[in-house]
Number of protein chains: 2
Amino acid sequence: MASRPKATILDIAREAGVSKSTVSLVLQGSGLIRPETALKVRKAIEDVGYVYNRGAANLRKAHSNVIGMVINDLTNPFFAELAVGMERVFQSAGIVPFIANTAENPVRQEEVLKSLMEQGVAGLIVSPARGTTPGAFRRLETAGVPVVFAMRRLPDSRIPVIAPDNHRGAYLAAAHLIGKGHRRLAFFGGTADLVVYQERLGGFREACETLGIARRDVLVVEGETSRRGGIACLETALAMPEPPTAALCFNDAVAFGVMLALRKRGLEPGADFAVVGFDDVVEAEHYMPALTSVSVDTAGLGERAAHVMLKMIQSRTTRAEDHIGAVNLVVRESCGPDRRARNTPAGMGDAA
Amino acid sequence: MASRPKATILDIAREAGVSKSTVSLVLQGSGLIRPETALKVRKAIEDVGYVYNRGAANLRKAHSNVIGMVINDLTNPFFAELAVGMERVFQSAGIVPFIANTAENPVRQEEVLKSLMEQGVAGLIVSPARGTTPGAFRRLETAGVPVVFAMRRLPDSRIPVIAPDNHRGAYLAAAHLIGKGHRRLAFFGGTADLVVYQERLGGFREACETLGIARRDVLVVEGETSRRGGIACLETALAMPEPPTAALCFNDAVAFGVMLALRKRGLEPGADFAVVGFDDVVEAEHYMPALTSVSVDTAGLGERAAHVMLKMIQSRTTRAEDHIGAVNLVVRESCGPDRRARNTPAGMGDAA
DNA sequence: CCCTATAAATGGAACGTTCCAATAAATCAA
DNA sequence: TTGATTTATTGGAACGTTCCATTTATAGGG
């Protein structure tokens with residue numbers, strides 16, 4: 001039962017007693033074929049165990065219905081959610097997207113991109129890896145392959161971006177913290193080479209300035225965007241002479257790390273130190289205590305990105321508008337008021 | 001800057017003043033070409049912005065260096081880890097695997113499989129969706145495409161399987177619980193249509209029997225294999241006249257749900273009710289309390305699966321040995337002794 | 001009954017590679 | 001010098017589709 005030479009369109013033709021062109025027409029669901037003939041052909045297709053050779057077809061057609069999704073960290077549930085959103089819309093368009101992981105490695109990303117191009121993808125949705133060089137996508141551009149960036153953007157590049165309103169989200173979070181009476185705030189995690197980082201930090205800073213927090217009372221600690229990074233950030237912060245009483249974290253993973261580290265020191269997240277996350281991954285709600293986080297509607301952004309992609313392909317353009325998704329702060333239990341401020345300004349809300 | 005007709009091997013040939021065959025040889029890194037000629041060609045390749053057309057090449061070569069990974073639930077970090085393991089070994093073999101998600105939907109799986117076959121994959125690593133029909137992979141078999149199942153197996157099928165020793169893992173976990181003094185045990189989550197379920201439940205049952213737990217003291221509650229499923233299972237169990245005091249959960253997600261539900265009822269996981277998970281995802285360690293779980297070395301299994309796949313492709317066979325991975329119980333804080341048994345048999349270990 | 005219009009089916013060139021067989025150029029032995 | 005051998009390069013057929021231009025069959029109009 002070794003692999004006999006695979007059946008082609010000609011085998012079908014012979015089997016059904018028609019020409020290869022007729023078979024091709026049937027395969028494409030053309031209405032030009034008499035129903036009975038089509039039936040005969042379809043039966044033959046079954047009989048010979050035919051599998052369509054898309055490679056051969058693309059050789060003539062030059063556009064391939066394959067869409068690639070290049071993701072920088074598959075183990076972050078955040079990106080999995082993004083992927084799921086996209087898949088929803090591609091599925092209903094009869095497209096199976098292929099996902100590839102770059103593991104936050106620009107070299108790997110290069111390989112992945114190359115491979116996808118060789119495959120002749122119709123379009124690419126990419127969340128670029130950290131440290132992507134500006135030229136990394138030129139190849140794609142000159143080849144005229146539509147690309148959209150999801151969640152992350154590159155400094156210069158004119159590739160359309162689908163991302164949440166990072167600035168606003170961070171502003172909201174910081175304002176919430178300040179409203180709770182906190183006066184010494186921190187921003188934990190992330191590194192300045194990410195545009196997202198700058199946006200989020202920018203929003204945070206603006207809130208602090210506007211709402212009267214002195215420059216020297218805001219602490220910024222860069223770090224890995226992971227649980228481990230969060231742990232490290234907290235350690236650093238608490239070692240300061242006048243440590244902050246609340247922190248906005250670059251993302252939820254960092255926030256989880258911070259909560260963990262607090263617990264390890266016998267501090268209660270929320271009561272002893274307020275923490276806010278960013279992204280609002282599903283686990284945020286289920287954490288203990290539940291994490292206050294900036295919700296960005298990840299799956300929704302995924303859908304959006306997919307729609308934009310589809311439209312670009314259809315109108316065979318390589319340009320599209322950016323889309324900045326709405327965000328909102330989901331208040332849960334991880335940020336009570338500043339303890340030391342309890343007897344001062346805003347005195348409500350601490351019922352239980 | 002519209003997309004001009006893309007460059008082919010002939011354009012390169014013209015540019016470099018050689019024949020297309022020479023270019024082809026250079027592309028394949030053949031040693032038959034004079035270094036200076038190769039250099040000239042490579043320069044031309046750069047100049048014309050050439051991108052290799054793998055589809056056209058495969059038309060002649062008939063084997064495609066594309067490997068697909070079909071995963072049933074991308075949002076489960078467990079599978080993301082599996083994917084990462086595989087990618088490690090494929091990367092070093094110069095292969096970019098394409099991942100596709102079936103979202104636990106057999107119909108979707110069918111589409112995904114079809115699409116991958118049309119793409120001419122060299123091999124497939126699959127974690128089949130629940131409810132996969134026995135015939136779903138026949139197409140692949142008759143086409144002679146190597147397939148390996150990862151983590152899950154299908155009832156009949158002779159496709160090789162890479163999976164952890166589910167039976168043993170469950171046995172270990174149950175034995176641990178019994179050793180802690182628990183006498184009324186439960187198995188939470190999962191449904192009988194999964195082979196994995198039967199294996200895990202089997203191990204659990206065997207431990208109970210061997211170690212003298214009466215049949216009527218073991219409770220089995222089926223349910224979704226998610227946090228939500230875990231919550232539901234616990235509710236059901238506690239509503240029983242004589243509820244269990246400990247549970248082995250089908251996987252970590254279920255265990256997290258159980259812990260959550262316990263907390264909601266004011267019970268402390270570990271102290272008031274013991275819970276053990278399965279898979280030992282990274283979060284298990286970081287939970288509060290840290291979850292005792294059966295570690296299956298997910299990434300390792302992924303690597304293994306990838307190696308087996310590579311070997312199958314190389315030896316152009318469609319058969320391979322099953323591989324059952326070692327497991328071990330990682331004891332953390334989520335399962336203390338049975339409270340009511342505290343003054344009876346094993347009296348140590350409860351220091352703090 | 002012939003002509004035209006419509007419907008259904010078909011042959012052949014083209015797509016961008018690979019690879020075999022063949023050629024051309026360079027080297028060597030005699 | 002000549003033929004044999006090695007080293008580099010090349011033309012052309014083939015891979016499995018699509019699609020245009022034709023052909024053939026069927027129907028309709030006068």
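Lettering follows sequence order; numbering is per chain, from 1.
Using a 3.5 Å distance cut-off with no hydrogens or angles, the side chains of S24(A) and S21(A) do not pair a donor with an acceptor.
Regarding contacts with the backbone of dC19(C), a side-chain N or O of Q28(B) is found under 4.0 angstrom from either OP1 or OP2.
When the P atom of dT18(D) is taken as reference, atom CD1 of I12(A) falls 10 Å away, rounded to whole Å. Remark: P of dC15(C) and CG of L10(B) are 10 Å apart, rounded to the nearest angstrom. Between the CD atom of E36(B) and the C1' atom of dT9(D) there is a distance of 14 Å, given to the nearest Å. In this entry the distance linking CZ of R14(B) with P of dT10(D) reads 14 Å, nearest Å. Rounded to an integer number of Å, the gap from CG of L27(A) to C1' of dT18(D) is 11 Å. Between R54(B) atom CZ and dG16(C) atom C1' the separation is 14 Å, expressed in whole Å. Rounded to whole Å, atom C1' of dT10(D) lies 13 Å from atom CG of L32(B). In this structure, CG of L59(B) is placed 17 Å from P of dA13(D), rounded to the nearest angstrom.
Across all strands, L25(B) comes closer than 4.0 Å to base atoms (heavy-atom distances). Contacts of T8(B) with the nucleic acid, taken as non-hydrogen atoms under 4.0 Å apart, involve only primed sugar atoms and P, OP1 or OP2.
The base of dG16(D) lies outside donor-acceptor range of the side chain of K6(A), with no N or O pair under 3.5 Å. In terms of polar N and O atoms assigned as donor or acceptor, the side chain of S21(A) comes within less than 3.5 Å of the base of dG11(C) in a complementary pairing.
Across dT18(C), dT9(D), dT18(D), the shortest atom-to-atom separation from the side chain of I33(B) is found for dT9(D). Taking every side-chain heavy atom of K61(A) into account, dC19(D) is the closest of dT18(C), dC19(D), dG16(D). In the set dT18(C), dT17(D), dT9(D), the nucleotide with an atom closest to the side chain of R34(B) is dT9(D). The listed nucleotides are dT10(C), dT17(C), dA9(C); the one nearest the side chain of A56(B) is dT17(C). When distances are taken from the side chain of T37(A) to each of dT17(C), dC19(C), dA9(C), the shortest belongs to dA9(C). When each of dA9(C), dG16(C), dT17(C) is scored by its nearest atom to the side-chain atoms of I9(B), the top-ranked nucleotide is dT17(C). Considering only the side chain of S19(B), dG11(D) comes nearest among dG16(D), dT17(C), dG11(D). When each of dT18(D), dT17(C), dT9(D) is scored by its nearest atom to the side-chain atoms of R60(A), the top-ranked nucleotide is dT18(D).
When the shell of 6.0 Å around NE2 of H307(A) is examined, it contains 12 or fewer heavy atoms from other residues, nucleotides or ligands.
Using a 4.0 Å cut-off between charged nitrogen and carboxylate oxygen, K43(A) and E46(A) do not count as a salt-bridge pair. Taking the charged nitrogens against the carboxylate oxygens, K40(A) and E36(A) have no contact shorter than 4.0 Å, which rules out a salt bridge. Here D11(A) does not pair with K6(A) in a salt bridge; the nearest charged N to carboxylate O distance is not below 4.0 Å.
Of the two residues contacting DNA chain C, namely A38(A) and K20(A), the nearest-nucleotide position lying further toward the 5' end is that of A38(A).
Below 30°, between 30° and 60°, or above 60°: for F98(B) and F98(A) the angle between ring planes is below 30°, a parallel geometry.
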